[in-house]
Amino acid sequence: MTISSSSDMDRVAWKPGTRIQGKWNGHTYTIGQKLGEGANGTVYLATNPQGKKVAMKVALDAVDLQSEVNAIQSLSQAKDKAKPFFLALYDVDDAQVGQTTWPFYTMPYFSGKPFSQFLREKGWEWFGVVGFQVLQQLHSIHRQGYVFGDLKPHNILVEQDGRCQLIDFGGVTPFGKGVKQFTEWYDRGFWNGGSRIADASYDWFSFAALAVHVFDPEEQMKAWSRELPQQRTEKWLQQRCTELPELKPFQSILKDMLTGNCHSPDKVLSDWEQVLHRHRQRRFSARPSIRWLNTAFLAALLLFVSALWLVFYAA
Ligand SMILES: Nc1ncnc2c1ncn2[C@@H]1O[C@H](COP(=O)(O)OP(=O)(O)OP(=O)(O)O)[C@@H](O)[C@H]1O
């Protein structure tokens, strides 16, 4: 049977409650809801034999899946004690369903929401805090000689308490090779901002483009994607970093990211932390004045009510 798309996949087998057994390792999983799908496959919530929830990625193409598995394996085995994210590969196997063999792997399940959705629901002021963790995770991947490659809001899941996790390691590429997988909007080549050769600055660029994307209206983004290639320049992204009020505090860091001037990742992180610190201090020092305003408002309200009482009852 030929399966050519994720929707074919749904029609064939992967309904909630289906039990799948790995052909080589023999582990049995109960399939739950579909968590999402992309170009490389579909991800399901599944329960493993110990009753634990895991995420199961079922691919259309065994070669793509293998390259992702290799990337996760290399990154999760790295002895980086300061690794700021959780990465693990639980099982890699094939499942035989009817006439079809499906390659799959299982990994930790993250209940977080995609970055843009999280910001919409929790508040835009979370951008700095979550962004800082993303930068830490990218830096950790770079320390191991890889770029993440396919950075986009959907590949950043954020939990309710603001902790975040990169997912989808299909774009992870060793330094010096052509980036394996990317999404146009966040791609340095798309903006004529540099090559697609994997180096740390490729991810920094994507991060700055992502920052603009999460704050700019969707319609404007679509209009820009339709522009002629020669009109798309990283200068436009720079300009948006100065215009968008939420990005203003970070504009000089983002500008360095767009122009390839982030030579010291430690400095990027410490500069970002300083902006967060300043921001927090400003909010803290703003509080007493808010309290003062509240008191003044209450006093004015009392005066107004007293005046009304005098006019209508005392007169
Ligand atoms: N570990 C996980 N925990 C929870 N949800 C996940 C997990 N991994 C993936 N997902 C969900 O499944 C969706 C698709 O997964 P993923 O991005 O890995 O697929 P893809 O085919 O590589 O996508 P793309 O075409 O965007 O590269 C994600 O956007 C996310 O919503």
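Every number for a ligand or one of its atoms is a count from 1 in the order of the listing. Index from 1, following the sequence.
Below 30°, between 30° and 60°, or above 60°: for W185 and H213 the angle between ring planes is between 30° and 60°, a tilted geometry.
Protein residues with a heavy atom closer than 4.0 Å to ligand 1 are L35, G36, E37, G38, A39, N40, G41, V43, A55, K57, M107, P108, Y109, F110, D150, K152, H154, N155, L157, I167, D168, Q181, listed by chain and number.
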What pairs of donor and acceptor atoms, side-chain ones from residues 111-118 against any protein atom, are under 3.5 angstrom apart with sequence neighbours left out?
from, atom 1, to, atom 2, distance (Å)
S111, OG, E159, OE1, 2.8
K113, NZ, E121, OE1, 2.8
Q117, NE2, E121, OE2, 3.0

Can you give each donor-acceptor pair under 3.5 Å made by side-chain atoms of residues 89-98, sequence neighbours left out, with the distance rounded to 0.1 Å?
from, atom 1, to, atom 2, distance (Å)
Y90, OH, K52, NZ, 3.4
D91, OD1, N25, ND2, 2.7
D91, OD2, Y29, OH, 2.6
D93, OD1, K23, N, 3.3
D93, OD1, W24, N, 2.9
D93, OD2, W24, N, 3.3
D93, OD2, N25, N, 2.7
D94, OD2, W24, NE1, 3.1
Q96, OE1, T101, OG1, 2.9
Q96, NE2, G98, O, 3.4

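Between W191 and Y186, the distance separating the two ring centers is not shorter than 6.0 angstrom.
Judged as a salt bridge (Lys or Arg N to Asp or Glu O under 4.0 Å), the pairs with a partner in residues 264-277 (not counting sequence neighbours) are, in order, K267-D271.
No side-chain donor-acceptor contact under 3.5 Å links S140 to the backbone of Q136.
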